[in-house]
Amino acid sequence: MPPQTSLQFFRKRQTVDTLLLERPQSLPAFYQAVEVALKDIEIQLIEVQSSFYGRTRTLEDEIKQWMPALEHTMQFAKISDLICKGNLQSLFDLYDRSIGDPTMEVKFDKLSVQAVMQVIDKVLSYLNTGFASIMETLKSILGFMKKYCLSFVSPEGDVFLETATNYEKQRRDYANAIHINLDDVTQMAVRFEKDGMHIQEMGSIPKQLADKYDCKHVPLLVMFPAACENIKNTCIGIRKWIQADHGYPTFLQYDLQDLEKRRDEFNKTIRELQLTSSHLDHKVKVYKRDIADSEAELKRLSSKEKMIKRQSDALAQELKELEMEVGYREIRREQLKHDEQESSTRQKLDQNMSELENYKAKRLVLYRKYEEMKRKLQFLQLKREKKVQKEAELAEIRKEHKASRKKLRKTELENDRLQTNVLKMREIIRFKTSPEILKKLFYNMPLTSKTAGLTKRKKGAGNLVDKLERASRVAAAHIDVDWPKLYRVLPFYPPRGDENVRMDIDEIGRVFMRDIQETQAKQSLVKWRRMHNRASVDDLKAALLQVRRKDIVEEIDIELAKRANKVKQENLQKAESPTRTVRFPRVLVQPPQTPRSRNSGMMFVH
C-alpha cells in the first residue's frame, strides 16, 4: 500500500468524539459534526421517552396510571401539594415497618403507597441517570462551542465593535442558558428530594401540561417531560449558537466596509480642519504683526503727539485771545461809526478797521493751523482705535483658532480609535476564517506570533519612553506660542550652545511656518528628544516650571495618572481572568412568565 498522506485527515468526516483527538478541519466541518451529534441526541431522547412511557404509551397514559394512587396517598397523608419527597416520608417508613411485620394493622392502602414509591423512584432514577449519556455529550459539545465559536473581543469593547461585543454577550448568554437547562435536569430531582419543587419553577411547557392534565398539585408527574424539554431547548440553543457564529464573519465584513467609509470621511474632515486651523493660524500671525507695527508706530509718534497737543492748546488759547480782540474791535467800530462826523474820530475808525482786518487775517491763519493740529490728533486717535479693534478681532480669531485646534485634536483621536478598531476587526475576521487559528485553539497556542508581540513591545520602548511621549503630546497641545521659550531652557546632553538652539528654533519656524503652533511645538520636542539622549519626563516638567507653565505640568500629571490607573485595572482583570476571553451574539432566550430560580431552566425561542 502507498504511504498515507496528511490529505486523508482532511478527507474523512469528523465527529464530536474525534474532536478530542484532532483539531477541526474547518468551522463548517465543526458545525456539521455538532449537527450530526445533535441529531443522534434527539434520537436517543426519543428512545429514553419510549423507555419511560413504553412503546405505545403517552404522558397522558402515565398520568392516568399514577394519579389515583398519588391522590389517595396524599389524601391519607393530609397534604394538598406533593412538592417534596419528605412530605410522604413518614408514610413510607410506616409502609416499610408494615412489610416487616405482617400482623401490624394499617389504615392506608398499601398498594397505593407502593405505587407512589414506585413512580417516585422511577422519575428520580431517570432524572439522575436516564439522561447521563445525552448530558455528557451535550456538555462535551458545549465545551467545544466555547473553545471554537469565539468572537475574539470583550463584552466591554469599543462602540465601533458593537457587532462583535453583542456577539460575545450573546455567546455568553447562550452558554449560560445551556448550562441552566442541563443543570435543571438533575437539580429537579435534588430539589424534589430536599427543598421541594414547585410547578411555578418549571418552564412554560411543563406548566401547560400540568394545566392540561390537572396535575399542578403533583409536579412530580411533569418533571420527566420538563427534563426532556430542557434537552430539546439545549439542542435548539446550540443550533442557534452555530447559526450566529456562522453569520458572525459576514456581519463583520459589512461593519468593516462601513468603518472604512467612515475612516475616509474622517480623513476628509481632518484635512478640512487642518486647512481651517492653518488659515486661522496665519490670520493670527498677520494680526499680531499688524498690532505690533501699530504699537511701534504709536510709540514712535507718542512724543510728536505730545508736542502737537501742546501746540494745539497754545493755538486754542491764542485763538481765544484773538476772538476777544476781534470782538472788542467790532464793538469799538460801532461806537466810532456813531461819532463819525469828527475828523479825529474818522481817523480812529480807519485805524480800528485796519486793526480789525489784521486780527481777522491772523485769526484765519491760526484757525487753519489749529484745524490741521486737530486732524493730526484725530489721525493718531484713529490709529489707536484701529489697534484696539484689531486686538479685539485677534482675541476672537484666537478663540476660533483654539476651538478649531481642539476639534482637530478630537477628530484625530477619534480617527486613531477608528483605525485601531478597523485593524482589530480585520484581525477578528482573519481569526474566524483561517483554519490555522483552529489549530492554535486546539493546542492552546497564542493566536498572535511571538515576533509580533516583541515588535509591539519594542515600538513602545518601555514605560519611560511611553510616558515621555504622552507628556510631550500634552505639552505640545498646551504650550502654544511659548514653545521657543521652552526649547531654550530644555537641558541637552551633550550640551548645545545658545547659537545652535537659536538655529534650531529658526529652522523649525521656517520649515513649519504654515503649520499651527502645536505642530511646531511637537517638532521642537521631537528634536529635543533626539538631541538629548537622557531625556525624561522630569526634565520636561522642570523646563515647564522654569518658563512658568505650571498648568501644563498639572495636565501632564493628570494624563500620566489616567494611564497608570488604566494599566492597573488591566493588570487586575488579567489576574482575575488568566485565560483569554472571547465573545458571541445577543442571546435568544425567552424570559419566564413567573419568577424562577436558577435551576428552573431556560426556554430558547424557536
Side-chain angles (χ1 to χ4, degrees), residues 27 30 142-180 237-238 240-260 262-263 413-434 436-450 452-453 455-457 459-460 463 466 562-589:
L27 276 177
F30 172 74
L142 179 60
F144 292 134
M145 295 291 293
K146 289 181 178 180
K147 188 172 185 178
Y148 298 117
C149 295
L150 307 178
S151 69
F152 301 101
V153 294
S154 65
E156 296 81 19
D158 196 280
V159 67
F160 290 123
L161 298 175
E162 186 176 6
T163 296
T165 54
N166 286 343
Y167 179 60
E168 171 59 18
K169 293 174 184 177
Q170 188 173 1
R171 172 188 176 276
R172 296 188 178 198
D173 290 341
Y174 273 132
N176 182 53
I178 291 171
H179 270 301
I180 291 176
I238 292 174
K240 289 186 174 294
W241 188 343
I242 289 176
Q243 182 181 1
D245 190 77
H246 177 70
Y248 179 47
T250 304
F251 290 121
L252 288 182
Q253 288 285 0
Y254 294 146
D255 285 357
L256 179 59
Q257 295 174 5
D258 294 338
L259 288 183
E260 289 176 342
R262 294 186 63 180
R263 183 185 59 186
L413 291 175
E414 192 76 4
N415 186 55
D416 292 341
R417 186 165 67 92
L418 177 61
Q419 179 62 23
T420 301
N421 285 288
V422 167
L423 297 176
K424 178 64 177 176
M425 191 168 293
R426 287 176 179 170
E427 183 183 53
I428 295 172
I429 294 173
R430 180 172 61 86
F431 286 165
K432 292 299 294 185
T433 55
S434 173
E436 186 67 19
I437 297 300
L438 297 177
K439 176 182 177 181
K440 293 183 177 181
L441 292 174
F442 179 77
Y443 291 108
N444 295 321
M445 296 169 60
L447 298 183
T448 55
S449 63
K450 293 183 179 180
T455 304
K456 187 176 181 180
R457 287 194 295 272
K459 184 178 181 181
N463 290 333
D466 194 34
K562 286 181 181 178
R563 178 61 182 172
N565 291 334
K566 184 177 180 180
V567 172
K568 185 177 179 181
Q569 292 176 359
E570 290 176 354
N571 292 336
L572 289 175
Q573 291 177 357
K574 290 179 181 179
E576 293 173 358
S577 304
T579 57
R580 179 176 49 79
T581 56
V582 289
R583 319 284 182 270
F584 199 83
R586 259 314 336 120
V587 96
L588 301 175
V589 180

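Position 1 is the first residue of the sequence; numbering continues from there.
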| request: For Arg172 and Pro155, work out which heavy atoms get closest and say how close. | output: NH2-CD, 3.6 Å
| If every non-hydrogen atom of Ala164 is compared with every non-hydrogen atom of Ile428, which pair is closest and at what distance? | CB-CD1, 4.4 Å
| request: Taking the side chain as every heavy atom from C-beta outward, state whether Ile242 and Met145 have any pair of such atoms under 4.5 Å apart. | output: yes
| query | In this structure, are over 12 heavy atoms from other groups packed under 6.0 Å from Glu427 atom CD? | reply | yes
| request: Starting at CZ of Arg262, measure out to CG of Asn415 and round the result to the nearest 0.5 Å. | output: 10.5 Å
| query | Is Cys149 close to Tyr248 at the side-chain level, that is, under 4.5 Å between some pair of heavy atoms? | reply | no
| message | Can you list everything that forms a ring-ring contact (aromatic ring centres under 6.0 Å, His included) with Phe160? Sequence neighbours excluded, please. | response | none
| field | Nearest-0.5 Å distance, CG of residue Asn176 to NZ of residue Lys169 | value | 15.0 Å
Kindly list each side-chain donor-acceptor pair under 3.5 angstrom involving residues 418-425, sequence neighbours excluded, with atom names and distances?
| unit_1 | atom_1 | unit_2 | atom_2 | d |
| --- | --- | --- | --- | --- |
| Gln419 | OE1 | Arg263 | NH1 | 3.0 |
| Thr420 | OG1 | Asp416 | O | 2.9 |
| Asn421 | ND2 | Arg417 | O | 2.7 |
| Lys424 | NZ | Phe152 | O | 3.3 |

| query | What pairs with Phe144 under ring-ring contact (aromatic ring centres under 6.0 Å, His included), at least two apart in sequence or on another chain? | reply | none
| field | side chain to side chain contact (heavy atoms under 4.5 Å, CB included) assessment of Leu438 paired with Phe442 | value | CA-CA 6 Å; Leu438 297 177; Phe442 179 77; over 6 Å; no
| query | Which atom names give the shortest non-hydrogen contact between Pro249 and Thr433, and what distance separates them? | reply | CB-CG2, 4.4 Å
| Is Arg426 close to Glu260 at the side-chain level, that is, under 4.5 Å between some pair of heavy atoms? | yes
| From CA spacing to verdict: side chain to side chain contact (heavy atoms under 4.5 Å, CB included), Lys146, Tyr174 | CA-CA 10 Å; Lys146 289 181 178 180; Tyr174 273 132; over 6 Å; no
| Distance from Asp245 atom CG to Leu150 atom CG, nearest 0.5 Å? | 7.5 Å
| Intermediate values then yes/no, side chain to side chain contact (heavy atoms under 4.5 Å, CB included), Leu447 and Leu441 | CA-CA 8 Å; Leu447 298 183; Leu441 292 174; 3.9 Å; yes
| request: Check step by step if side chain to side chain contact (heavy atoms under 4.5 Å, CB included) holds for Thr250 and Lys432. | output: CA-CA 10 Å; Thr250 304; Lys432 292 299 294 185; over 6 Å; no
| message | Is any side-chain heavy atom of Thr163 closer than 4.5 Å to one of Tyr254? | response | no
